[in-house]
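Handing you a structure now.
When reading the values below, keep in mind they use all heavy atoms of this one structure, side chains included, and skip hydrogens, waters and symmetry mates. On a predicted model such as this, the values are computed, not experimentally measured, just so you know.
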Amino acid sequence: MTNTVTIEVKRLPHGEGLPLPKYETSDSAGMDLYAALADGERVTLGPLQRAMIPTGLAMALPHRHEAQIRPRSGLAAKNGITCLNTPGTIDADYRGEVKVILVNLSNDPFTIERGMRIAQMVIAPVTQGTWAEVSELGATERGEGGFGSTGTR
Ligand SMILES: O=c1ccn([C@H]2C[C@H](O)[C@@H](COP(=O)(O)OP(=O)(O)OP(=O)(O)O)O2)c(=O)[nH]1
Ligand SMILES: [Mg+2]
């Protein structure tokens with residue numbers, strides 16, 4: 001059974017008329033976010049250009065949850081479009097508009113219009129950490145090895 005939590009959502013004026021994000025299939029992890037640009041407005045990203053795209057939504061996530069804004073693989077594979085700060089973090093206490101920072105990593109311009117599904121949002125539980133300061137950390141098999149220390153094959 002899929003876990004669900006209820007998310008309060010407020011449509012901002014420029015979000016009116018767009019559907020609320022939804023899961024495209026029954027077991028999808030992410031809901032696709034729509035670009036809430038004005039009717040007829042176009043944002044064209046040239047190579048390596050970025051833009052913050054409005055979603056027209058503000059939300060109140062449940063305590064101890066976050067939303068992760070992730071790229072859509074189709075846009076990445078076909079058009080080189082990804083989220084610059086992936087995964088973007090939406091904090092549970094954020095009440096502003098959710099925005100998507102897109103960047104064009106291809107050599108061709110890419111145009112975004114109202115209603116395009118530009119990214120996806122995954123809801124995830126959050127664990128906060130508290131520090132326990134020590135003078136020595138416990139020994140492990142890995143130790144300080146990292147960054148390829150185990151080889152490539
Ligand atoms: O892709 C994103 C990333 C963040 N946010 C919003 C929600 C998030 O709760 C807030 C802060 O994000 P973050 O902590 O990543 O940014 P910051 O640069 O650390 O800003 P702040 O100082 O406001 O925390 O900005 C978005 O709308 N889209
Ligand atoms: Mg922050």
Neighbour count above 12 (heavy atom, 6.0 Å) for E8 CD: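 No, because the 6.0 Å sphere around CD of E8 holds 12 heavy atoms or fewer from other groups.
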Atom of G15, atom of A36 and distance for their closest heavy-atom approach: CA-CB, 4.4 Å
Residue pair P47 / D108: nearest heavy atoms and the distance that separates them: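 Heavy atoms of P47 and D108 come nearest at CG-N, 4.3 Å.
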Value rounded to 0.5 Å, distance of CD in E144 from OG in S149: 11.0 Å
Results of side-chain contact (heavy atoms from CB on, under 4.5 Å) for D32 - residues two or more places apart only: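 So D32 forms a side-chain contact (heavy atoms from CB on, under 4.5 Å) with E24, R72, R117, Q120.
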Among L75, I53, N104, I81, the one residue meeting side-chain contact (heavy atoms from CB on, under 4.5 Å) with I112: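 Checked L75, I53, N104, I81 against I112; only one passes side-chain contact (heavy atoms from CB on, under 4.5 Å): I53.
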Heavy-atom pair with the smallest gap, counting every atom of I123 and A67: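 Result for this residue pair: CD1-CB, 3.9 Å.
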Hydrophobic cluster identity match, I101 and V122, side-chain contacts under 4.5 Å: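 Unlinked, I101 and V122 end up in two clusters.
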Heavy-atom pair of closest approach, residues M31 and P21: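 Of all heavy-atom pairs spanning M31 and P21, the closest is SD-O, 3.4 Å.
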Nearest heavy-atom neighbours spanning V98 and T55: O-OG1, 2.6 Å
Flag if over 12 foreign heavy atoms under 6.0 Å of CZ, R11: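 For R11, atom CZ is crowded (more than 12 foreign heavy atoms under 6.0 Å).
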Residue pairs fulfilling side-chain hydrogen bond (donor to acceptor under 3.5 Å, both in side chains) with at least one residue in residues 88-100, sequence neighbours excluded: H14-E97
Interatomic spacing from CD1 in I69 to OG1 in T86 - rounded to 0.5 Å: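 Separation between the atoms: 9.0 Å.
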Exam field: side chain T82 to backbone P71, donor-acceptor pair closer than 3.5 Å: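 No, because the side chain of T82 does not come within donor-acceptor range (under 3.5 Å) of the backbone of P71.
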Shortest non-hydrogen separation from L37 to R114 and the atoms involved: O-NH1, 2.8 Å
Hydrophobic cluster membership, F110 vs V43, 4.5 Å side-chain cutoff: yes
Name of the residue among T6, V5, I90 meeting side-chain contact (heavy atoms from CB on, under 4.5 Å) with L61: I90
Path from L18 to M52 over hydrophobic side-chain contacts below 4.5 Å: no
Single-linkage hydrophobic cluster, 4.5 Å side-chain cutoff, Y34 and M121 together: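 Each belongs to a different hydrophobic cluster.
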side-chain hydrogen bond (donor to acceptor under 3.5 Å, both in side chains): pairs with one or both residues in residues 121-135, sequence neighbours excluded: none
Cluster link L33 to L84, ILVMFWY, side chain under 4.5 Å: no
